[in-house]
Amino acid sequence: MSATGSSVLEVLAPFASAGRLSSTACQVAATVARLVPGLDEWSVLALAAATEAPQLGHVRLDLDAVDALLVGHDGGGEDSDELPWPDPRAWSSVLAESPVVSNPERANDDPVRPLVLDGRSLYLHRLWRAEVDVAAALLGRASSGGVPTSPRQDEVLDVLFPPIDEPGDAGVPVGLGGARVTEDLQRRAARLGLSSRVSVIAGGPGTGKTRTVARLLAAEWRLAAARGRVATVALAAPTGKAAARLTAALRTAVDEAVVEGVLDTAAADELGRVEATTVHRLVGRTPALGLPGHDRLLPYDLVVVDETSMVSLPVLGRLVRALRPDARLVLVGDPFQLASVEAGTVMRDLVGPSGSTEPTDGAHRLGRLPVTVLERVHRFGAGSGIAALAALVRCGDVDGALAVLRAGSNDVDWVEPDDGPGVAAVVARAATAAAEVVDRARAGDVPGALDAAGRLKVLAATRGGPFGLADWSRRIEQAVLAATGGRWPGGGRSGASRYPVGMPVLVTRNDPLTGLANGDAGVVVLAGTVPVLARPVGAGVSTVPVARLVDAEPWWAMTVHKSQGSEFDHVVVSLPRPGSPVLTRELLYTALTRARRTVTVVADESSLRAAVDRPAVRASGLGERLWGPDDQRGPERATDRRRPAPPVDVSDP
């Protein structure tokens, strides 16, 4: 049963032919097999499968469901009944004795083995280590008790979060000594952020997450000032675009608090200087943690991470290791959005089980995280089609979602790909919006160009194929050129004019030399005679010479994955033909919720049915480590959810 050099490819061939294993995974397994003489065939197969799993977003592989989990981006191939997968029990027994597999008890023995078998779950060692470390760090913080609080805390929170009169979806009843009062859930989330070493704020768009964070920071600033200290706070998001949006949204929320009279101008000025950065940049400010002589930790008392759904498991591991033991960590995000492009389902695992909808008093048992779920939507007006459609998609209600699309509304439109005039109208509208960006940039109106670039954006589910990113970009650019003079100044799109003046540009990779981060977006303008990429940074604009752009692409349209952390007034959601495995509920929900005011869906009915009906499947053990097995999970979180589809509230948030 041992695999010789020639038999390795034979062992893996049927799985590769069926689309379950990539050439990279097979090469990794073959390399290890050459280094470990006599390695059995089932261990070689396990190496290839475990290598493939993270490419599909899985942290682990459940041996009982390995075939389904390894259905690739091309949809797989042969039926699983035709593939020679080992019997899970027998496979597990063989792997338990394999020289390339460890169990959790000996996983850190020297030398480290590449695989870890935890029960019937198979991990690459690095992902097992990351999962165990993150769970231990978060549970350790949750069970270590709260931080000392100021006697003025309730007074400050009462000012920032005026009490509500009636219980219901907006709050949870809390009691001390039998007394019963109603606490607003946003206030509860802020209170936990002040008093817990780790807490989670979950909710969809428009549920008040940014408002809560802004007032949490205001409370932190006031309480620190009362102690004669300066609050040390860090804000972070996974991408540069998300960090810029967080900074802008925070300032808007601070301004609203000033207008409401719950925040004075001194505190507002202080908070106005807080700027978000990327998680990579934040953690990158510490030396290599864990190495001798490199033990300096982040200096902040409070660290808030937005868009946590986009954070991968390894990055979260780096962050929690970089925190001081007495620091407080607040993780904010939407558990229903697409997960990180890397392995893991961090936000969903953090929020954990639904448990009971009965509210709690905010306390948590040993080994449980304090989670607050905000679900009352404040952003959209009464009868909002976007709010209704997103809620139905999130709940997997196919017929309900299609009914909303068929009915149409002033903020939701549906165009089928075969509707030539309808598609042409969408292209024309996108091109008109893009042409305004070009015109303003060429006229030297940098703020106007940046503002125009965020008004309408096409979000494609795929990069290639009909109605993919490349297709939309070509259509829009051709229409823009026709509307703005027929050619780019300087001619062509190569060399120095690869990114000509007026072109919107999206950065696709972190570049420490320029300070650009993956997801940063801006518009090419002239600074004197030098073309530069201008992008929003905090309240201002930062520029980088176009000649220094290495990894970037035109930003006429973008993929749904790249759009996370962004918002646009009008979003055009473009789905591929049915049968594409990228069609998932999370992808469609994420795309819809990037819109502030209007959504146009370009898709046929079968694609929409496939997307709404298919939840994304990712295998991860973090949720079990945090919350216990499904049958042991109790009511551990406060939530304002009372119905499958969240209500729309037109009152001020």
Side-chain angles (χ1 to χ4, degrees), residues 3 5 7-36 39-88 91-92 94-95 98-102 107 112-131 312-314 338-346 462-463 561 580-582 584 614-622:
S7 67
V8 167
L9 295 180
E10 296 176 5
V11 171
L12 303 179
F15 305 99
S17 298
R20 300 305 197 267
L21 298 176
S22 65
S23 59
T24 299
C26 293
Q27 289 168 6
V28 169
T31 299
V32 175
R34 287 194 294 270
L35 296 173
V36 184
L39 187 63
D40 64 274
E41 294 179 353
W42 284 3
S43 291
V44 173
L45 180 59
L47 283 163
T51 302
E52 183 71 14
Q55 310 309 311
L56 302 173
H58 305 304
V59 175
R60 69 181 187 184
L61 271 183
D62 299 319
L63 296 184
D64 296 288
V66 62
D67 184 79
L69 292 174
L70 291 185
V71 172
H73 299 298
D74 62 354
E78 298 177 22
D79 190 295
S80 60
D81 292 338
E82 300 177 10
L83 294 175
W85 291 109
D87 173 77
W91 198 6
S92 179
V94 170
L95 294 180
S98 172
V100 297
V101 181
S102 297
V112 171
R113 300 184 184 189
L115 302 180
V116 175
L117 184 65
D118 193 344
R120 294 264 276 278
S121 296
L122 185 68
Y123 293 80
L124 290 179
H125 182 275
R126 66 177 180 85
L127 291 177
W128 176 84
R129 183 74 269 166
E131 185 177 279
S312 69
L313 181 65
L338 283 167
S340 165
V341 294
E342 300 179 56
T345 54
V346 166
T462 59
R463 296 191 68 88
H561 278 86
S580 171
V582 306
T584 65
R614 181 193 298 154
V617 177
R618 284 192 171 194
S620 166
L622 181 61

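When reading the values below, keep in mind they use all heavy atoms of this one structure, side chains included, and skip hydrogens, waters and symmetry mates. Fair warning: this is a prediction, and the values are worked out from it, not measured in the lab.
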Arg614 side chain vs Thr584 backbone, donor-acceptor pair below 3.5 Å: no

If you round to the nearest 0.5 Å, how far is CG of Leu83 from CZ of Phe15? 6.0 Å

Rounding to 0.5 Å, atoms CG (Leu47) and CG (Leu21) come to a distance of 11.0 Å

Can you name the residues that form a side chain to side chain contact (heavy atoms under 4.5 Å, CB included) with Arg120, not counting sequence neighbours? Asp64, Pro88, Arg89, Ser92

Would you sort out whether Leu95 and Leu115 count as a side-chain contact (heavy atoms from CB on, under 4.5 Å), showing the intermediate values? CA-CA 9 Å; Leu95 294 180; Leu115 302 180; 5.6 Å; no

For the side chain of His58 and the backbone of Leu69, is there at least one donor-acceptor N/O pair under 3.5 Å apart? yes

Leu122 to Ala50 - nearest heavy-atom pair and separation: CD2-CB, 4.1 Å

Please list, chain by chain and in numerical order, all residues satisfying salt bridge (Lys or Arg N to Asp or Glu O under 4.0 Å) with Arg113, sequence neighbours excluded. none

Shortest non-hydrogen separation from Arg20 to Glu52 and the atoms involved: O-CG, 3.5 Å

Residues at least two apart in sequence or cross-chain that pass side-chain hydrogen bond (donor to acceptor under 3.5 Å, both in side chains) with Ser98, listed by chain then number, are Ser43

Between Ala25 and Thr51, which heavy-atom pair has the shortest distance, and what is it? CA-CG2, 3.9 Å

Test of understanding: with side-chain hydrogen bond (donor to acceptor under 3.5 Å, both in side chains), list the residues that count as partners of Ser620, not counting sequence neighbours. Asp349

Side chains of Ser340 and Val346 in contact at under 4.5 Å (non-hydrogen atoms): no

So, taking the atom named OG1 in Thr345 and the one named CG in Leu338, what distance separates them when rounded to the nearest 0.5 Å? 12.5 Å

Quick one, Val116 and Ser121 - any side-chain contact, counting heavy atoms below 4.5 Å? no

For Val71 against Leu56, the heavy-atom pair lying closest together: O-CD1, 3.9 Å

Minimal non-hydrogen separation, Val44 against Ala33, with atom names: CG2-CB, 4.0 Å

Expected output: side-chain Glu131 to main-chain Leu622 donor-acceptor under 3.5 Å: yes

Say you draw a straight line from CH2 of Trp85 to CG of Leu63; how long is it, rounded to the nearest 0.5 Å? 10.0 Å

Can you name the residues that form a side-chain hydrogen bond (donor to acceptor under 3.5 Å, both in side chains) with Thr24, not counting sequence neighbours? none

By salt bridge (Lys or Arg N to Asp or Glu O under 4.0 Å) - contacts of Arg126 (at least two apart): none

Enter the distance from Leu117:CG to Arg60:CZ here, rounded to the nearest 0.5 Å. 11.5 Å

Which distance, rounded to the nearest 0.5 Å, do you find between the OG of Ser22 and the CD of Gln27? 8.0 Å

Shortest non-hydrogen contact from Tyr123 toward Gly621: OH-CA, 4.0 Å

